[in-house]
Structures are given as structure tokens and as C-alpha cells.
Amino acid sequence: MNIILFGPPGAGKGTQAEILSKDLSIPTISTGAIIRGAVKEGTPMGLSAKKYMDGGALVPDEVVIGIIKERLAKDDCKNGFILDGFPRTVPQAEALDAMGVKIDVVVSLEVPDEAIVDRMSGRRVCKVCGATFHTIYNPSAKGEKCDVCDADLLIRDDDKPEVVLNRLVTYHKETEPLKEYYCGKGILKSVEGTNGVEATTELMKAALGI
Ligand code: AP5
């Protein structure tokens, strides 16, 4: 199954993608995680992408389309994949179509802006393995350490309140129009994302028919 997980920043796409990836034994591909990896390594792409991310803007289409083209060509995508955070603009969706990639379902996680601001303020991310937690809604069993690999947990640079507000503006202006794009193709399913992590997983599975 080729799945797109769609939704505003902090809707829970990454959290759900990890769970579904294990259940379906297919990889999850997060453009945000790939770009953060490049920033950490200090590659030319990472250095140029950082300024967009830090301001809450989107990285240029040609950069992310190149990343996805390369990643989807790998063998582990042959039996399906979950795209988390791509496409994010209509030109990105058109590029995916032009690559001949068939998407089976687009799941849109619906979370209002007020809840997003609250979620982002409590998000903690492992500095080594990237596992995501929330101080209240999804805490690590080891407090300020990662319960997967024991490394320190950090606050993402783009989770500062003023950047979160910019990311929401960017989402509504540039990404939300994609709902119409995929609704027109008859593959968009909306899922309420305001419940807890487990309840949301159940709703997602029902939407996916698994
Ligand atoms: P990216 O990393 O994709 O960020 P995002 O879409 O803004 O999504 P997030 O990772 O912030 O949130 P999420 O929906 O995965 O939520 P999570 O599961 O972590 O992109 C970052 C940046 O990279 C972009 O701003 C852009 O600059 C660039 N970029 C990436 N892709 C791009 C593209 N295609 N084109 C151009 N630029 C691109 O959950 C959030 C928090 O809530 C966590 O603390 C979690 O524990 C908690 N939580 C999760 N689910 C629940 C729940 N059901 N109830 C309560 N809490 C929950």
C-alpha cells in the first residue's frame, strides 16, 4: 500500500507513521527527518534548507522532489511506503504523479490550530534516534532521556512558538489546497486527530481498511 499522511505541523503524522510502518512492514519516508539529517551532517543541501525550516517556510520544491525521487527508487519501497510530510504543495503532488507513483490513499489528520500550538510546546525529540515524545500526551518512560536509546531529548528549533505560528500559516496557504487535489482523485480520507495516540491509530487503521 502506498500511503500519504497529510496534516498540519504537529498533527501526529510522524507518530502514526512509525506505528503503521511497523504494523504494515513498509518504510516511512519523512522529508522533514531527511532534511534534519542533512542539517545535522552540515551538507550543502542541509545548510541551505536550514534557513527555510528555522523560519517556518517550506524548502524549495525542486530540493524535496529530488530527495523523494532518490528515496522512492530504493528497493525497500517496492512493497509500499508511507510518505510523511510530502507532498506539501500542488507542484510536489504533480511531480509525484509525473514520476508514475500510484498513491492508494491519502489520510488527512484533522487537528485544530489551538491544539497544535499546545502539542508543539510539549514535543521532545531524541537527539540520536529521532524518536518523538510529548511531555504530557506521550512521555518517555525515562523522563528527559529517550526510552528507545537512552540519549538526551531536545526541543526542535522549529518548535519555538513564533515559528510554529509561521508553520501553521504556511500549511493553510500552501499545503491545505492539496486536500482538494486528492479529493478530486477520490483517495482522500479524513481522520480526527484530536484523540490520544492509540485512539487515533485505531481510527487510521479503520480508514485504511486494515
Ligand atoms: P516536518 O518534520 O515534516 O514537520 P511537520 O509537518 O511540520 O510535522 P511535525 O514533524 O512537526 O509534526 P507531526 O505531524 O509529525 O507530529 P508528531 O507526530 O511529531 O517538516 C519540518 C520542516 O521541513 C518544514 O517546516 C519545512 O521547512 C521542511 N519540509 C519538510 N517536508 C517538506 C516538503 N515536502 N516541502 C517543503 N519543505 C519541507 O507529533 C507532534 C507532538 O504531538 C509530539 O510531541 C507527539 O508526541 C504529540 N502527539 C502525537 N499524536 C498525538 C495525539 N494523538 N494526541 C496528543 N499528542 C500527540
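Remember, it's 1-based here, ligands and their atoms both numbered in the order they're listed. Numbering of residues begins at 1 and proceeds along the displayed sequence.
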Report summary line: ligand 1 atoms nearer than 4.0 angstrom to some heavy atom of Gln92 are 33 (C), 34 (N), 35 (N), 36 (C)
Requested in this report: Would you check if the side chain of Gln92 reaches a backbone N or O of Arg88 as a donor-acceptor pair within less than 3.5 Å?
Outcome: yes
Requested in this report: Can you tell me which residue pairs pass the ring pair (Phe, Tyr, Trp, His ring centres under 6.0 Å) test with a partner in residues 91-144, sequence neighbours excluded?
Outcome: His134-Tyr137
Query - Hydrophobic cluster identity match, Tyr182 and Met204, side-chain contacts under 4.5 Å - result: no
Query raised in the report: Are any of the heavy atoms in Gly10 under 4.0 Å away from ligand 1?
Result: yes
Query raised in the report: Are any of the N or O atoms of Lys13 closer than 3.5 Å to those of ligand 1?
Result: yes
Report task. Before signing off on this row, confirm whether Arg124 and ligand 1 have an N or O atom pair separated by under 3.5 Å. Result -> no
Report task. Using distance alone, determine whether Gly122 and ligand 1 share an N or O pair under 3.5 Å. Result -> no
Query - Among Lys50, Arg119, Glu198, closest by any non-hydrogen atom to atom 42 (O) of ligand 1 - result: Arg119
**Report entry** Heteroatom distance test (Ala33, ligand 1): nitrogen or oxygen, under 3.5 angstrom
**Finding:** no
Query raised in the report: Going by the atom numbers of ligand 1, which of them fall below 4.0 Å from some non-hydrogen atom of Met120?
Result: 11 (O)
Query raised in the report: Going by distance only, is there an N or O of Thr31 that falls short of 3.5 Å from an N or O of ligand 1?
Result: yes
